[in-house]
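Some notes on the structure that comes next.
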Amino acid sequence: MSFLEVRELVSGYDRSTVLGGVDLELDSGGALGLLGRNGVGKSTLVMTLMGLVPVTSGSVLLDGVELAGRRPDVIAKAGVALVPQGRRVWATLTVAEHLSLATGRRAGTWTVSAVLELLPRLAERRRHYAGQLSGGEQQMLAVARALLTNPRLVLLDEPSDGLAPAIVEQLIGVIGVMRAEGVAVLLVEQDLHLAFSVSDQIAVMEKGRIVHRAPTGEFRRDPATAHRLLGVG
Ligand SMILES: Nc1ncnc2c1ncn2[C@@H]1O[C@H](COP(=O)(O)OP(=O)(O)O)[C@@H](O)[C@H]1O
Ligand SMILES: [Mg+2]
């Protein structure tokens with residue numbers, strides 16, 4: 001059995017079903033890059049895994065424990081952390097305040113000092129309000145907030161959006177550190193360079209379902225499939 005096993009997951013909003021039966025697996029320490037055009041349900045999937053969108057039916061097993069239908073705080077306590085699309089930092093709280101609010105949910109190696117060592121720019125900006133940070137700094141703050149929960153699974157939703165190439169390279173390094181620590185990573189991305197750099201598997205979503213899966217190397221060597229499913233390559 002895989003560390004994360006999602007089976008026939010159906011979810012959506014008041015008037016619309018978005019996920020029409022998602023299946024996926026992820027091993028401990030593995031990284032899955034989830035690609036797909038706008039509006040196919042990638043954010044809905046990660047928000048459903050985090051308990052932020054209600055599950056209609058199906059199963060989400062993390063290390064054999066059923067999380068489907070549980071509250072977000074229970075899911076966080078089980079070791080799942082979300083770095084949401086658009087970062088969602090609080091403009092009027094300082095970096096230090098964000099870090100202290102995120103601390104202490106689960107014990108582990110990621111303390112404020114360990115996170116600031118990994119992300120030194122945040123240490124320099126400790127007393128700044130999040131609203132004063134650059135997009136890249138806000139993204140690093142969102143990543144720091146997730147790491148401080150000492151997650152076993154991190155869900156990253158388009159973290160490279162709007163970032164300069166140098167910051168994307170930094171993000172690749174940070175995701176590499178997470179993986180080296182045994183954290184499983186589910187990365188939603190439009191930036192193929194980032195997705196290919198950190199993922200060992202690629203999945204493609206269309207209309208609320210996973211329609212293609214391949215090891216990253218295989219996917220890279222198959223531009224026709226990327227073109228058909230994503231309109232790129
Ligand atoms: N809060 C919401 N309420 C109703 N519909 C939503 C909401 N968020 C997203 N949707 C709809 O769900 C579908 C999938 O959106 P989303 O999961 O954001 O896709 P993606 O992340 O792949 O771009 C879209 O049709 C979108 O309009
Ligand atoms: Mg999205």
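Just so it is clear, the structure is predicted and the values come from calculations on it, not from any experiment. All ligand and atom numbering here is 1-based and tracks the order in the structure.
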Q.
Among G208, S11, G39, which one puts a heavy atom closest to atom 20 (P) of ligand 1?
A. G39

Q. Is there side-chain contact between V115 and T111, with at least one heavy-atom pair below 4.5 Å?
A. no

Q: May I ask you to establish whether R145 and W90 are in a cation-pi arrangement, using a distance under 6.0 Å from NZ or CZ to the six-membered ring centre and at most 45° from the ring axis?
A: yes

**Q.** Q190 and S160 side chains, donor-acceptor separation under 3.5 Å
**A.** no

(Q) H212 and side chain to side chain contact (heavy atoms under 4.5 Å, CB included): which single residue from I202, L35, T225, L230 fits? (A) T225

Q: Check whether any protein heavy atom sits under 4.0 Å from atom 27 (O) of ligand 1.
A: no

Q: Below 4.0 angstrom from a heavy atom of T44, which ligand 1 atoms are there? Numbered from 1 as shown, please.
A: 14 (C), 15 (O), 16 (P), 17 (O)

Q | Pair D157, S43: side-chain N/O donor-acceptor within cut-off below 3.5 Å | A | yes

Q. Who's the nearest protein heavy-atom neighbour of atom 10 (N) of ligand 1, and how far?
A. Y13 CE1, 3.4 Å

(Q) For a 4.5 angstrom cut-off between non-hydrogen side-chain atoms, does E137 reach V95? (A) no

Q: Looking only at distances, please establish whether an N/O atom of ligand 1 is found under 3.5 Å from an N/O atom of K42.
A: yes

Q) Would a search of protein heavy atoms around atom 14 (C) of ligand 1 find one under 4.0 Å away? A) yes

(Q) At less than 2.8 Å, would any N/O/S atom of Q85, backbone or side chain, sit next to the Mg ion (ligand 2)? (A) yes

Q: Could you tell me the residue and atom name of the protein heavy atom closest to atom 12 (O) of ligand 1, and the distance to it rounded to 0.1 Å?
A: V18 CG2, 3.3 Å

Q.
At less than 4.0 angstrom from any non-hydrogen atom of S43, what atoms of ligand 1 do you find?
A. 17 (O), 18 (O), 20 (P), 21 (O)

Q.
Under 2.8 Å from the Mg ion (ligand 2) - does any N, O or S atom of S43 fall there?
A. yes

Q | Contacting atoms of ligand 1, where contact means under 4.0 angstrom from a heavy atom of N38 | A | 23 (O)

**Q.** Minimum heavy-atom distance L229-R37, with the two atoms named
**A.** O-NH1, 3.0 Å

(Q) So for ligand 1, is S16 a polar contact partner (N or O within less than 3.5 Å, distance only)? (A) no

Q) With a 3.5 Å cut-off and no angle check, do the side chains of E8 and S57 form a donor-acceptor pair? A) no

Q. So is there a nitrogen or oxygen of G41 less than 3.5 Å from a nitrogen or oxygen in ligand 1?
A. yes

Q) Would you say the side chains of H98 and Q138 form a donor-acceptor pair under 3.5 Å? A) no

